[in-house]
Amino acid sequence: MNAPAHQRFTPSPGSAIATFAPTDLARVAESYPDHSTVFHHALCNHPLLTIGSLAALAKRMNPAHVEVRKGNVPVDMPDGGAPHTGNDPVSALHNIETAQSWVMFRWVQNDPIYKALLDELLHELEDIVRPATGAMLKHEAFIFVSSPHCITPFHFDPEHNVLLQIAGEKHFSIFPPADPATAPATAHEAFHTQGANMLHWHDSMAERGATHTMHPGDALYVPVKSPHHVRVGSEPSISLSVTWRSHWSEQEADACTFNAFLRSKGIAPKPTRQWPHGNAGKATAWRIMRKVCRNH
């Protein structure tokens with residue numbers, strides 16, 4: 001699983017990490033924030049992203065933040081997603097070739113060493129993000145280590161996301177965030193009121209999206225709430241996901257919650273508006289309601 005020399009991690013002077021080339025940043029700028037795009041990174045063989053380093057990280061992280069889930073599951077698992085195996089994550093990592101599971105590290109930024117890596121990565125993207133969606137809020141990082149042929153079921157996430165493929169191969173099938181055929185407005189509302197982000201899948205949806213085959217050194221920008229499912233290739237996979245929220249995404253989240261409130265009162269609201277449109281009116285209404293409820 002060695003990466004080509006031009007993709008391998010090389011610290012630049014001053015210990016800053018030159019992760020993205022100018023041409024790749026330009027490609028992200030053309031697509032951000034509403035379209036997915038594949039570009040490249042230089043973090044393959046980074047010393048923090050090996051099985052050994054990740055096993056050490058698993059030992060010092062909060063156990064509740066390191067999940068081992070079954071990988072031999074269908075794409076369609078709307079009721080909670082892939083189940084937990086109950087296995088020890090360190091053992092799963094060292095046996096990942098045969099474990100038929102995937103290990104997810106949540107909120108890796110809570111570890112100071114990995115937080116430094118996250119901050120450096122996001123700093124390189126800041127000049128693209130800030131003019132379009134404002135300040136980068138709530139920086140978070142996730143790491144996924146997966147057995148061959150594992151499936152991540154169909155779902156969406158609430159963050160702006162850059163997925164960096166470190167080792168192995170992933171087939172990442174992604175769909176537009178505003179397509180009600182894959183993620184209806186009620187699904188968006190359910191996430192913000194119940195935390196439910198899994199979606200129903202049927203094979204007829206496939207033509208509505210695109211599948212990107214991710215090799216080591218590839219990166220993918222995933223827009224807010226873009227539905228997706230993932231299948232690992234024939235070798236174990238390691239991926240790093242760096243995420244952030246924005247003023248726009250926070251506003252859309254509050255507008256979704258307000259829509260859920262309206263729906264509970266028998267009113268059928270219009271769906272939240274997609275970029276570049278805002279959702280200031282509904283977001284403000286929900287924030288006022290939330291503040292009033294807290295004060296009483």
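Source: prediction; values computed, not measured.
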Worksheet item: Should the ring pair His229 and Phe154 be called parallel, tilted or perpendicular, given that the plane angle runs from 0 to 90° and is split at 30 and 60?
Response: perpendicular
Worksheet item: With no hydrogens and no angle check, is any side-chain donor or acceptor of His228 less than 3.5 Å from a backbone partner on Ser226?
Response: yes
Item to complete: Please name the pair of heavy atoms, one in Pro227 and one in Pro176, separated by the smallest distance, quoted to 0.1 Å.
Response: CD-O, 3.6 Å
Worksheet item: Do the non-hydrogen side-chain atoms of Thr243 and Phe142 ever get within less than 4.5 Å of each other?
Response: yes
Worksheet item: Residues two or more places apart in sequence or in another chain: which of them pass salt bridge (Lys or Arg N to Asp or Glu O under 4.0 Å) with Asp119?
Response: Lys115
Discussion item. Assigning hydrophobic clusters by single linkage (Ile, Leu, Val, Met, Phe, Trp, Tyr; side-chain heavy-atom cutoff under 4.5 Å), is Val90 placed with Phe144?
Written reply: no
Worksheet item: Hey, is the main chain of Pro33 close enough, under 3.5 Å, to the side chain of His35 for a donor-acceptor pair?
Response: no
Discussion item. Please check: side-chain N/O of Thr284 versus main-chain N/O of Ala280, any donor-acceptor pairing under 3.5 Å?
Written reply: yes
Discussion item. Could you measure the distance from the NZ atom of Lys70 to the CH2 atom of Trp102? Nearest 0.5 Å is fine.
Written reply: 13.5 Å
Worksheet entry | Close side-chain approach of Met104 and Val66, heavy atoms under 4.5 Å | no
Fill in: CA sep, side-chain torsions, deciding dist, call: Val162, Leu220, side chain to side chain contact (heavy atoms under 4.5 Å, CB included)
CA-CA 6 Å; Val162 169; Leu220 175 67; over 6 Å; no
Worksheet item: Any sub-3.5 Å donor-acceptor pair from Arg27's side-chain atoms to Thr37's backbone N or O?
Response: no
Worksheet item: Do Val28 and Asp24 have side chains that get closer than 4.5 Å, going by heavy atoms?
Response: no
Worksheet item: Using the benzene-type ring in the case of Trp, are the ring centres of His139 and Trp244 under 6.0 Å apart?
Response: no
Worksheet item: Is the distance between the ring centroids of His160 and Tyr32 less than 6.0 Å?
Response: yes
Discussion item. Tell me whether Leu122 shares a hydrophobic cluster with Leu240, the cluster being built from Ile, Leu, Val, Met, Phe, Trp, Tyr side chains joined at under 4.5 Å.
Written reply: yes
Practice prompt. State whether Arg60 and Asp111 are salt-bridged, where the test is any N-O pair (Lys NZ or Arg NE/NH1/NH2 against Asp/Glu carboxylate O) under 4.0 Å.
Written response: yes
Fill in: Met198 side, atom CE; Asp79 side, atom CG - distance, nearest 0.5 Å
9.5 Å
Discussion item. Looking at Asn259 and Lys270, would you say the former's side chain and the latter's main chain have a donor-acceptor pair under 3.5 Å?
Written reply: yes
Worksheet entry | Exceeds 12 heavy-atom contacts within 6.0 angstrom, atom NE2 of His123 | no
Item to complete: Identify the two heavy atoms, one from Ser234 and one from His149, that lie closest to each other, and give their separation to 0.1 Å.
Response: CA-CE1, 3.7 Å
Fill in: In one Ile/Leu/Val/Met/Phe/Trp/Tyr side-chain cluster, 4.5 Å: Ile143, Leu163
no
Discussion item. Hydrophobic cluster membership, with links at side-chain heavy-atom distances under 4.5 Å among I/L/V/M/F/W/Y: are Val230 and Ile238 in one?
Written reply: no
Fill in: Side-chain heavy atoms of Phe175 within contact of Phe156, under 4.5 Å
no
Discussion item. Under a 3.5 Å distance rule, please check whether Ser53 uses its side chain to pair with a backbone N or O of Thr50 as donor and acceptor.
Written reply: no
Worksheet item: After noting the C-alpha distance and the side-chain angles of Phe20 and Leu125, does the key distance pass the side chain to side chain contact (heavy atoms under 4.5 Å, CB included) rule?
Response: CA-CA 9 Å; Phe20 308 115; Leu125 297 167; 4.1 Å; yes
Worksheet, complete the sentence: dist Leu137:CG -> Ser246:OG (nearest 0.5 Å) comes out at 7.0 Å
Worksheet item: To the nearest 0.5 Å, what is the distance between CZ (Phe172) and OG1 (Thr152)?
Response: 8.5 Å
Fill in: Intermediate values then yes/no, side chain to side chain donor-acceptor pair (under 3.5 Å), Ser237 and Ser146
CA-CA 5 Å; Ser237 167; Ser146 308; 4.9 Å; no
Worksheet item: If we only count heavy atoms from C-beta on, is the Val222 to Glu159 side-chain gap below 4.5 Å?
Response: no
Worksheet item: Can you name the closest pair of heavy atoms from Val232 and Ser147 and give their distance?
Response: CG1-O, 3.4 Å
Worksheet entry | Atom pair OH/CG of Tyr221 and Asp34 - distance to nearest 0.5 Å | 7.5 Å
Discussion item. For Arg208 and Thr182: C-alpha separation, side-chain torsions, deciding distance, then whether side chain to side chain contact (heavy atoms under 4.5 Å, CB included) applies.
Written reply: CA-CA 8 Å; Arg208 308 184 76 88; Thr182 56; 4.3 Å; yes
Discussion item. Do Val108 and Ile51 sit in one hydrophobic cluster, given that two such residues count as connected whenever their side-chain heavy atoms are within less than 4.5 Å of each other, even indirectly?
Written reply: yes
Practice prompt. Please check if atom CZ in Arg69 has more than 12 non-hydrogen atoms from other residues, nucleotides or ligands closer than 6.0 Å.
Written response: yes
Worksheet item: Do Gln109 and Tyr114 touch side chain to side chain, with heavy atoms closer than 4.5 Å?
Response: no
Practice prompt. Using a strict cut-off of less than 4.0 Å between a Lys/Arg side-chain nitrogen and an Asp/Glu carboxylate oxygen, indicate whether Asp254 and Lys282 qualify as a salt bridge.
Written response: no
Fill in: Close side-chain approach of Leu117 to His46, heavy-atom, < 4.5 Å
yes
Worksheet item: How about His171: does its NE2 atom have over 12 heavy atoms from other parts shown lying under 6.0 Å from it?
Response: yes
Worksheet entry | CG on Leu262 to CH2 on Trp286, rounded to 0.5 Å | 9.5 Å
Practice prompt. State, to 0.1 Å, how close Ala29 and Ile128 come at their nearest heavy-atom pair, and which atoms those are.
Written response: CA-CG2, 3.7 Å
Discussion item. Do the side chains of Lys170 and Asp218 get close enough for a salt bridge, i.e. N-O under 4.0 angstrom?
Written reply: no
Discussion item. With a 3.5 Å distance limit and no angle check, can you tell me whether His84 reaches the backbone of Gly86 through a side-chain donor-acceptor pair?
Written reply: no
Hey, can you pull the donor-acceptor pairs under 3.5 Å for the side chains in residues 94-101, sequence neighbours left out?
from: Asn95; atom 1: ND2; to: Ser91; atom 2: O; distance (Å): 2.8
from: Thr98; atom 1: OG1; to: Asn95; atom 2: O; distance (Å): 3.4

Worksheet item: Do any N or O atoms from the side chain of Gln274 and from the backbone of Pro276 form a donor-acceptor pair under 3.5 angstrom?
Response: no
Discussion item. Could you check whether any side-chain heavy atom of Val242 comes within less than 4.5 Å of a side-chain heavy atom of Asn161, counting everything from C-beta outward?
Written reply: no
Worksheet item: Which atom pair, heavy atoms only, marks the closest approach of Lys225 to Pro158?
Response: CG-CA, 4.3 Å
Discussion item. Taking His277's backbone N and O only, do any of them form a donor-acceptor pair with Trp248's side chain (distance below 3.5 Å, no angle check)?
Written reply: yes
Discussion item. Between His41 and Leu43 (side chain of the first, backbone of the second, donor and acceptor by atom type, cut-off under 3.5 Å), is there such a pair?
Written reply: yes
Item to complete: Grab the two heavy atoms, one from Arg263 and one from Ala185, that are nearest each other, plus how far apart they are.
Response: NH2-CB, 4.3 Å
